[in-house]
Structures are given as C-alpha cells and as structure tokens.
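Have a look at the structure below, then the notes.
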Protein chains: 2
Amino acid sequence: MEAKEILKVHVAKLASLSDDEFDYFFSFFKNQSFKKGQVIISEGDMVDCEYFVISGCLKSFYINDDLKMFILQFAMPTWWASDYNALYNHTKASINVDCITDTEVLCLSNADREKLCNELHNAEHFFRWRTNKGYIAANKRLLSFMNNNVKYRYEELLKLYPELYNIVPKNLIAAYLGVSRETLSRLYQA
Amino acid sequence: MEAKEILKVHVAKLASLSDDEFDYFFSFFKNQSFKKGQVIISEGDMVDCEYFVISGCLKSFYINDDLKMFILQFAMPTWWASDYNALYNHTKASINVDCITDTEVLCLSNADREKLCNELHNAEHFFRWRTNKGYIAANKRLLSFMNNNVKYRYEELLKLYPELYNIVPKNLIAAYLGVSRETLSRLYQA
DNA sequence: CTTAAAATGTGACATAGGTCACATAAATTA
DNA sequence: TAATTTATGTGACCTATGTCACATTTTAAG
C-alpha cells in the first residue's frame, strides 16, 4: 500500500472526508525518507513539522543532564511523532526524534495543519480526535508508571506492540520503561 | 465573576467565538454544585459528562487492587476533569472523580460536546486545542516522572500550583507524586 | 465542647532498582 | 574478513523508597 492510501485509511477511522477533501488534505503532506540513525529533530532546533510514519520506526526521546536517555514514544507505521510542545508553542525542541530503522514518513508543517483545520472542518475533527486518543494513551502510561513494576510494564508493552521486540534493542526498551538496561536484563535472570 | 464569564474568558484564550456563538456554546452547559467529599464519577459508572471547574477543587484518581490511590489530576478553577477514556469510548469508568473542597462546575455531556463541535467549527477548534494542551502536559509529567526524584517533583508541583499547598493534604499530594505519604513526609526531615 | 476520624511524623527494617565494573556477543563499517 | 562499535549479561554493592507500627496533631462531626 502506498503512503497516500495508508494515510487515507488512517484518517477514515476518525473522520469522514470525501475523496476530494482527502486529496486536498493529502496535498499538504510531503514524502520523506530517512536512514537508520538519522536525526529528524534535535534538541535546540526550531520545530516546523510533525511526521506520520509510513514504514520503519522512529523514537522521540529526551536526554537529561547526566546524558541519560528517556524515550517518550516509539513511532511505528500510522503513528505520529514530533516535539509537540515545541511545535505548538513555537519554542525550541527539548526532545529529539531519530530513526531506529530506515523510515518513510509523510511530513506536515504546523502552518499547513492549521490552514487545513481552518479550511476543512473535517480535518479539524480528525486532529481533535487524534489528540484525544494520544491524551488518553499518555494518561494510561502515567498510571501504569505509578501503579506497576518494571516486569509488568515490560510485558504489557510487548503484549501491546509485539513488533517492537524484534525491531528495538533492549537498551531502548529500558529507556522507554524508565529503568536501567541492567534492571531490564535481570528481569528474566534464572 | 460568574460561571458564564469564567468560561468565556477561558474559551477566548484558544478560539474566537462571537458573542452569539458563545451564548449558543454556553447553552449546552449545566451548572452543578457539590459538597466536599462528594463523588462525581465512581469506578464502574457509565460516564456521560465532563466538568469545567468554576470554583473549588476536584481530584481524579485510580484505586488499585491493594486499595492504593493514585491521583491523575487535581482540577482547580478553569480546569476540566472527567474519565476521558470512559467518556470518549463509552465504557465504564476505571477512575473516580470527587471533591476535595466544595466545588461548582459547569457540566457538558459527551453528546452535547460532539453536537457543538459539529455545528460550530470554532467549538471544535477550541476542543482540539484544549486537548493539545492536555496532551503536552501529560507528556511533560511523564518525563518528569522518569527523570526527576520525588523532592524535585514536589517542588516543581508547588512552584507551578502554589494554591495546592493550602487546599490539598499531603497524603493526596503524595498520591499525585506516586510515592508513599511517609516518603513525602521525610523529604524535609532534619 | 467533646469525640471520632483524618492527617502527619518518625523509627526499624525490607526490597526494588541504580551504579560501576567487566566479560561476551552481535551488528556495523572499513 | 577484520576491526570497531553497540548491545547484552551478570556480580557486588549502594540508595531511594516502600511497608508496618505507633505516637501526635489537626480537622470534622455530633
């Protein structure tokens, strides 16, 4: 399936755009390809776009003063990624986004998204619901953080996204779970 | 300032509604008052509304199998609260909402919000941006959880919302920070 | 005002997870 | 293919936080 079709199916789950409306919607997206390890957003950058993953896998992450990495999100196909704080508030990026594998994305600028939302009520509807879902997911993760131990969180993650196991090294999984790689490694020790 | 005015000022920060549009918008909200300790949403309920706080303070929280409480959010004036997962997905509540102090709210049903969003493009714009902001805040809190220790998180919380210190008992603050009340109590021990 | 309930402080001890060090294995790159 | 980097496993030890117990203070309710 090509990029346009993948986005179309994704959008149709949350909003009803006519074919013409979707063609217009799609016209604002730019196709981009990145190599494994390539950096898309790096701390301190001005952030102009958000990215819809067509194939491959991105991560968004924060590096603290001790150079420890915390992963906010893995972005697999049909997921969106950016530094939304920087994007929405026109400030410099405080998080980074890079490629765990070779990745194709559709890129949408902040200005174009707002233009779309203004001109097409249905587009605004789509983006409202996309964020609603993200908001719910973020709160679930927060609760899981407070309530569950590492082992449980690790198993939940793999149950929810089995693909990750094969694509993402364990040190990155640890950085997503918020523990040291050693602790993750020891979970299934003898 | 009365409820309608408080909501109007709040909405105006994110969307430009004409006076007539806002009157229509406001007509969907119902005024409700609750006493300290009163339960608004309780686990297992069907959830029909979201609540915009006019005065007082709500908390939304989860109780785990060991009866330990985790607070997702304190809702002060001009904040919104509900079990959004249950509200948006039409499932039973998994979290609770109750009143830390006597509280006045404006209540908006799920059906009415969607109706409003359909009929008034500007209303949809408002709700999109409201959730955008919630999404960013949730991700910031997640990062802070992973990156910062209890003492730092406690001090950040009080810096951001000094009102909480006087209104909210420390055992609830601990439940928000995700630590035991004993640990919070010991932070400033000799 | 009195009594019950809730909130808070603190000691003793248990435990999950962190850190550092080093060995090995796997994956990239020259 | 060899060389280098990255990922992983594991021991020893440290530390933050949890749990339980009990005393004290504060707040709410009769």
Side-chain angles (χ1 to χ4, degrees), chain A residues 34-39 56-57 59 61 63-71 74 96 98-103 143-158 164-190, chain B residues 34-39 56-57 59 61-71 74 96 98-103 144-158 164-190:
Chain A
F34 299 101
K35 287 282 168 198
K36 177 172 179 171
Q38 213 175 330
V39 174
C57 185
K59 69 175 191 282
F61 59 102
I63 304 280
N64 76 1
D65 298 342
D66 303 331
L67 301 183
K68 219 163 118 177
M69 173 192 297
F70 298 94
I71 293 182
F74 296 114
N96 311 270
D98 71 11
C99 301
I100 294 180
T101 63
D102 290 0
T103 301
L143 254 191
S144 182
F145 238 95
M146 296 201 267
N147 191 21
N148 303 125
N149 64 21
V150 188
K151 189 166 182 175
Y152 188 90
R153 297 198 324 265
Y154 179 58
E155 286 170 0
E156 285 300 297
L157 179 68
L158 292 187
L164 289 178
Y165 191 84
N166 301 307
I167 295 175
V168 179
K170 294 241 175 71
N171 57 344
L172 296 187
I173 302 261
Y176 178 89
L177 296 173
V179 295
S180 69
R181 58 166 201 84
E182 291 93 333
T183 295
L184 183 61
S185 165
R186 271 188 264 263
L187 286 183
Y188 295 94
Q189 202 174 344
Chain B
F34 299 101
K35 287 282 166 199
K36 176 173 179 171
Q38 213 174 331
V39 174
C57 184
K59 67 174 191 283
F61 59 103
Y62 172 75
I63 305 282
N64 77 2
D65 298 341
D66 303 331
L67 302 182
K68 220 163 120 177
M69 172 193 295
F70 299 95
I71 293 182
F74 297 113
N96 310 270
D98 70 13
C99 301
I100 292 179
T101 64
D102 291 0
T103 302
S144 182
F145 238 96
M146 296 201 268
N147 191 22
N148 303 126
N149 65 20
V150 187
K151 189 166 183 174
Y152 187 89
R153 295 197 326 262
Y154 179 59
E155 286 169 2
E156 286 298 299
L157 178 68
L158 292 187
L164 288 178
Y165 191 84
N166 301 309
I167 296 175
V168 179
K170 293 240 175 75
N171 57 343
L172 296 186
I173 303 260
Y176 178 88
L177 295 173
V179 296
S180 68
R181 59 167 199 83
E182 291 93 335
T183 295
L184 183 61
S185 165
R186 272 188 262 263
L187 286 182
Y188 295 93
Q189 202 175 343

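Naming convention: chains lettered A, B, ... in sequence-line order (proteins, then strands); numbering from 1 in each chain. Not measured: the values here are computed from a predicted model.
Taking the six-membered ring for Trp and thresholds of 30 and 60 degrees, B:F74 and B:Y176 have nearly parallel ring planes, at less than 30 degrees apart.
Side chains of B:Y165 and B:I173 form no contact here, defined as non-hydrogen atoms less than 4.5 Å apart. Residues B:D98 and B:F61 meet the side-chain proximity criterion, which asks for heavy atoms closer than 4.5 Å. For the pair B:L172/B:M69, a side-chain contact is recorded, criterion being any heavy-atom separation below 4.5 Å from C-beta on.
If you take CD1 of A:I167 and P of D:dA7, they are 15 Å apart, rounded to a whole angstrom. Between B:M69 atom CE and C:dA6 atom C1' there is a gap of 12 Å when expressed in whole angstrom units. Following rounding to the nearest Å, A:N64 (CG) and C:dG18 (P) show an atom-to-atom distance of 13 Å. The distance between atom CZ of A:F145 and atom P of C:dG17, rounded to the nearest whole Å, is 11 Å. Per the geometry, CE belonging to B:M146 stands 16 Å off C1' belonging to C:dG18, to the nearest Å.
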Which letter, B, S or -, goes with each nucleotide of nucleotides 15-27 of chain D from 5' to 3', with contact meaning a protein heavy atom under 4.0 Å? --SSBBB------

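Taking 4.0 angstrom as the limit, A:N171 places a side-chain polar atom (N or O) nearer than this to OP1 or OP2 of D:dT8.
For the pair A:D102 and A:K36, the salt-bridge criterion is not met [side-chain N within less than 4.0 Å of a carboxylate O].
Counting non-hydrogen atoms of other residues, nucleotides and ligands closer than 6.0 Å to CG of A:D65 gives a total of 12 or fewer.
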